[in-house]
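Worksheet: one structure, shown below.
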Amino acid sequence: ERGESVGRGRTMADTSTYAGRVADRLHELRVKSGFSAEEIVERVNRFGYELTKHTYYGWERGRTQINFNALVPLKKALRIKTVGDMFPKQ
């Protein structure tokens, strides 16, 4: 359900939309990487994109879209092979 709160205060994205599935995928990749949201923000900043925790949480909750200029730094921060890996197939 849209806006549903799950464990430790995380609000799930609306996965009935593609944007919500992107947000859910971002959360999944971060968890798989073993990094906290704060660590991802720090890593993205080190890779050259100025990111705040507020903005990152917006992406992961599906409230805002990922900025195009953040894609490569985010890919590096998550340690994934391609930017395309951040996006669900459907």
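Every heavy atom of this structure was used, including side-chain atoms; hydrogens, water molecules and symmetry mates were not. All values derive from a computational prediction rather than experimental measurement.
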Partner set under salt bridge (Lys or Arg N to Asp or Glu O under 4.0 Å) for Arg43, not counting sequence neighbours: none

Check side-chain hydrogen bond (donor to acceptor under 3.5 Å, both in side chains) between Asn69 and all other residues, then give those that pass, not counting sequence neighbours. none

Residue pairs, two or more places apart or on separate chains, that pass side-chain hydrogen bond (donor to acceptor under 3.5 Å, both in side chains) and touch residues 71-80: none

Any idea which heavy atoms bring Ala13 and Ala23 closest together, and the distance? CB-CB, 3.6 Å

Connected to Val72, directly or through other members, by ILVMFWY side-chain contacts below 4.5 Å are Tyr18, Val22, Leu26, Leu29, Phe35, Ile40, Val41, Val44, Tyr49, Leu51, Tyr56, Trp59, Ile66, Phe68, Leu71, Leu74, Leu78, Ile80, Val83, Met86, Phe87

With sequence neighbours excluded, tell me which residues meet side-chain contact (heavy atoms from CB on, under 4.5 Å) with Ser16. Asp14

Could you tell me whether a side-chain N or O of Arg21 sits under 3.5 Å from a main-chain N or O of Thr15, the two making a donor and an acceptor? yes

Looking at Arg25 and Asp85, would you say the former's side chain and the latter's main chain have a donor-acceptor pair under 3.5 Å? yes

Restricting to pairs with a member in residues 31-40, which pass salt bridge (charged side-chain N to carboxylate O under 4.0 Å, His left out), not counting sequence neighbours? Glu28-Lys32

